[in-house]
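The chain is numbered in sequence order, starting from 1.
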Amino acid sequence: MAVGWSQLPSDLLESISTKLRLYADYIRFRAVCRTWRSSTAKTPYHLPTQIPWLLLPLFKPQSRSRSSSGYFYSLLDKKVHGLRIPEMYIRQRRCGSSHGWLVILDESPSVALVNPLTGAKMDLPPLYTFPDVVGFNFADVGREYLLRDGDNRLSRRNLKDMRDCFVKKVVLSSSPVKDSQFVAVAMLHHGNSLAYYRNGDERWRFIEEANSYCEDVIYRDGLFYAVNTFGLIAVCDVNGDFPRVSYIETPRHFAGDIQYLVCVGDDLLLVTRHLDSDFWPELDQTVYRTTLFDVFKLGDKPRWEWVTELGDYMIFIGQNSSFALPASDFPGRMGNCIYYTDDYSDSNYDGLLEEQDMGIYRLGDKSIEKLPCYSSNFALWSTPPIWLSPNPC
């Protein structure tokens with residue numbers, strides 16, 4: 001005797017739901033009827049890393065939907081969607097994206113983590129708790145922060161400067177919801193230093209022996225890997241009472257303008273970005289454009305070995321924690337590509353340029369495809385786009 005789809009056994013529905021790999025498919029599955037929804041977990045902890053959204057610069061107030069405070073571009077359906085993010089507004093800066101969480105700075109000392117998908121939020125220690133900040137006073141308008149550099153010289157910074165220029169990027173070891181022992185590592189423009197925070201700490205602490213390893217940082221197998229401009233790697237263990245640092249000393253790598261680290265399968269890759277610059281007199285500023293990427297794999301010597309193709313993998317780089325995904329897991333996506341955004345020049349997002357330095361680099365023929373999501377309605381001096389892999393937990 002046939003059984004209606006709304007009367008399928010709960011254990012069968014639960015088993016089927018755990019086989020779904022896309023978050024959108026999981027949501028659709030639970031939306032079929034009340035029985036299917038009650039038979040499946042509200043939070044799908046089994047899901048792998050999802051293909052990222054491209055969170056876009058904020059729109060001008062007059063062109064923004066009242067129901068949305070943020071927008072993202074979907075690589076799957078190639079459309080722009082609205083997203084309600086109460087914490088997002090024009091004076092905030094996104095300086096990191098890891099495991100579905102954004103790192104948010106504004107013109108107060110606060111450092112916040114926000115999950116745009118769930119609305120969850122938590123605070124990290126504020127900017128004045130970094131070791132090189134020796135003074136902070138809201139009443140000292142225009143010079144609220146007092147900083148000390150490596151030569152013990154003191155300097156003043158205002159609220160906007162600290163928001164925009166103090167922290168380069170923050171990387172998380174894991175989702176704060178999944179892991180109560182998560183760690184955050186901040187790459188600092190000031191002094192080219194690395195600082196870390198372990199959940200429950202009251203202050204940020206320096207990783208003293210990893211100074212200048214501030215090109216990029218990723219988390220891998222319980223350790224943070226940091227790279228400098230020459231492709232040398234510092235391996236940082238912050239699990240004990242004091243950070244321990246070891247080094248992978250490859251021959252110096254002098255090519256390119258920006259270095260990124262990314263894990264592809266079991267391999268550690270170095271992605272080198274090449275930029276071209278052009279001075280625009282009418283804007284009185286230099287505009288940068290990406291022209292080429294080179295990819296290298298860490299060999300046994302150790303040394304960086306040239307990689308000519310990525311196979312099925314897609315690499316995502318920018319202000320986010322760099323990561324790679326197999327294209328075959330996502331309909332309509334092609335591997336052997338690097339999806340990139342601008343993480344080096346706020347001047348490229350002043351609302352005056354017709355296009356931004358973000359796109360898809362095809363390693364096979366060295367071609368660049370622009371991402372078709374730029375809008376003249378982006379707000380002036382808004383925060384640049386950033387990759388964010390949606391995470392319901």
(request) Determine, step by step, whether F330 and L76 satisfy the side chain to side chain contact (heavy atoms under 4.5 Å, CB included) criterion, reporting the C-alpha distance in whole Å, the side-chain angles of both residues, the deciding distance to 0.1 Å, and the verdict. (result) CA-CA 8 Å; F330 305 97; L76 293 180; 4.0 Å; yes
(message) R163 vs E107, test: salt bridge (charged side-chain N to carboxylate O under 4.0 Å, His left out). Steps then yes/no.
(response) CA-CA 6 Å; R163 180 199 65 187; E107 290 188 18; 3.2 Å; yes
(request) Please report the C-alpha distance between R37 and K42 in whole Å, then the side-chain angles of each, then the deciding distance to 0.1 Å, and finally whether the side chain to side chain contact (heavy atoms under 4.5 Å, CB included) criterion is met. (result) CA-CA 8 Å; R37 185 162 54 253; K42 181 179 180 180; over 6 Å; no
(request) Show your working on side chain to side chain contact (heavy atoms under 4.5 Å, CB included) between I248 and L232 and close with a plain yes or no. (result) CA-CA 6 Å; I248 301 176; L232 306 180; over 6 Å; no
(request) Evaluate side-chain hydrogen bond (donor to acceptor under 3.5 Å, both in side chains) for H190 paired with D149, printing each intermediate quantity in order. (result) CA-CA 8 Å; H190 188 261; D149 65 18; 5.9 Å; no
(request) I would like to know whether T291 and D276 meet side-chain hydrogen bond (donor to acceptor under 3.5 Å, both in side chains); could you show each step before the answer? (result) CA-CA 6 Å; T291 58; D276 192 14; over 6 Å; no
(request) Evaluate side chain to side chain contact (heavy atoms under 4.5 Å, CB included) for V245 paired with I207, printing each intermediate quantity in order. (result) CA-CA 8 Å; V245 179; I207 306 176; 3.6 Å; yes
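Taking a 4.5 Å side-chain heavy-atom cut-off between Ile, Leu, Val, Met, Phe, Trp and Tyr, the cluster of M334 contains only that residue.
Aromatic pair Y340/F293: centroids less than 6.0 angstrom apart.
Between R153 and D151 there is a salt bridge, with a side-chain nitrogen of the basic residue lying less than 4.0 Å from a carboxylate oxygen of the acidic one.
Contact check for S15 versus K19: side-chain heavy atoms found under the 4.5 Å cut-off. A heavy-atom distance below 4.5 Å is not found between the side chains of L146 and V133. The side-chain heavy atoms of I104 and R94, taken from C-beta on, include a pair separated by under 4.5 Å. Contact of the M358 side chain with the L54 side chain is registered, since non-hydrogen atoms from C-beta on lie closer than 4.5 Å. At a threshold of 4.5 Å between non-hydrogen side-chain atoms, the residues R156 and E144 do not count as touching. Here the side chains of L102 and L55 are in contact, with some heavy-atom distance below 4.5 Å. Taking the side chain as every heavy atom from C-beta outward, L113 and P176 approach each other to under 4.5 Å. Between R289 and V287 the shortest side-chain heavy-atom distance falls below 4.5 Å.
Both W204 and V103 are assigned to one and the same hydrophobic cluster, defined by single-linkage of ILVMFWY side chains at heavy-atom distances under 4.5 Å. Under the 4.5 Å side-chain heavy-atom criterion for grouping Ile, Leu, Val, Met, Phe, Trp and Tyr, L124 is connected to L159 within one hydrophobic cluster. In the hydrophobic cluster analysis, where Ile, Leu, Val, Met, Phe, Trp and Tyr join through side-chain heavy atoms closer than 4.5 angstrom, Y197 is grouped together with L172. Placement of I315 and I218 in two distinct hydrophobic clusters is found when ILVMFWY residues are connected by side-chain heavy-atom separations under 4.5 Å, directly or transitively. No path of Ile, Leu, Val, Met, Phe, Trp and Tyr side chains, each step under 4.5 Å between heavy atoms, connects L223 with F206, placing them in separate hydrophobic clusters.
Minimum interatomic distance between D123 and K121 (heavy atoms only, all atoms of both residues): OD1-CE, 4.0 Å. Heavy atoms only, all atoms of each residue included: Y247 and E209 are closest at OH-O, 2.5 Å. The minimum heavy-atom distance linking C337 with I360 is given by the pair CB-CG2, 3.9 Å.
Residues that satisfy the side chain to side chain contact (heavy atoms under 4.5 Å, CB included) test with S39, not counting sequence neighbours, are S10, L13, T35. Considering only residues two or more places apart in sequence or on other chains, R28 meets the salt bridge (charged side-chain N to carboxylate O under 4.0 Å, His left out) condition with D25. With sequence neighbours excluded, the residues satisfying side chain to side chain donor-acceptor pair (under 3.5 Å) with D365 are S367. For S212, the side chain to side chain contact (heavy atoms under 4.5 Å, CB included) criterion is met by no residue, not counting sequence neighbours. Looking at residues two or more places apart in sequence or on another chain, you find no side chain to side chain donor-acceptor pair (under 3.5 Å) involving H46. Listed by chain and number, the residues in a ring-ring contact (aromatic ring centres under 6.0 Å, His included) with Y219 are F224 (sequence neighbours excluded). Residues passing the ring-ring contact (aromatic ring centres under 6.0 Å, His included) test with F72 are W53, H81, sequence neighbours excluded. Residues that satisfy the side chain to side chain contact (heavy atoms under 4.5 Å, CB included) test with T43, not counting sequence neighbours, are Y45, C393.
Side-chain atoms of Q50 come within 3.5 Å of backbone atoms of P48 as a donor-acceptor pair (strictly under, hydrogens ignored).
Distance check, rounded to the nearest 0.5 Å: CG of L188 to CG of L194 gives 7.5 Å. The OG1 atom of T290 lies 7.5 Å from the CG atom of D342; values are rounded to the nearest 0.5 Å. How far OG of S155 is from CZ of R148: 10.5 Å, rounded to the nearest 0.5 Å. With values rounded to the nearest 0.5 angstrom, L325 atom CG is found 5.5 Å from F316 atom CZ. From S193, atom OG reaches atom NZ of K168 across 12.5 Å, with rounding to the nearest 0.5 Å.
Side-chain atoms of S97 and W387 form no donor-acceptor pair, as typed in the model, at a separation below 3.5 Å. Remark: the S322 side chain and the D216 side chain contain an N/O donor-acceptor pair separated by less than 3.5 Å. When only modelled atom types and interatomic distance are considered, D140 and Y145 share no side-chain donor-acceptor pair under 3.5 Å. Using modelled atom types, one finds a donor on one side chain and an acceptor on the other under 3.5 Å when comparing S98 with S321.
Evaluation of the side chain to side chain donor-acceptor pair (under 3.5 Å) test over residues 323-336, restricted to residues two or more places apart or in two chains, returns D312-S328, R333-Y339.
Note: Y128 and F136 have parallel aromatic rings, judged against thresholds of 30 and 60 degrees for the angle between ring planes.
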Below 3.5 Å, can you tabulate the donor-acceptor pairs from side chains in residues 254-269 to any protein atom, sequence neighbours excluded?
{"residue": "D257", "atom": "OD2", "partner": "L275", "partner atom": "N", "Å": "2.7"}
{"residue": "Q259", "atom": "OE1", "partner": "T272", "partner atom": "OG1", "Å": "2.7"}
{"residue": "Q259", "atom": "NE2", "partner": "A255", "partner atom": "O", "Å": "3.1"}
{"residue": "Y260", "atom": "OH", "partner": "R273", "partner atom": "NH1", "Å": "2.9"}
{"residue": "Y260", "atom": "OH", "partner": "D343", "partner atom": "OD1", "Å": "3.0"}
{"residue": "Y260", "atom": "OH", "partner": "D343", "partner atom": "OD2", "Å": "3.2"}

Donor-acceptor pairs under 3.5 Å, side chain of residues 294-307 to any protein atom, not counting sequence neighbours: which ones?
{"residue": "D294", "atom": "OD2", "partner": "H274", "partner atom": "NE2", "Å": "2.7"}
{"residue": "W304", "atom": "NE1", "partner": "G231", "partner atom": "O", "Å": "2.8"}
{"residue": "W304", "atom": "NE1", "partner": "T250", "partner atom": "OG1", "Å": "3.3"}

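At most 12 non-hydrogen atoms from other residues, nucleotides or ligands lie less than 6.0 angstrom from CZ of R244.
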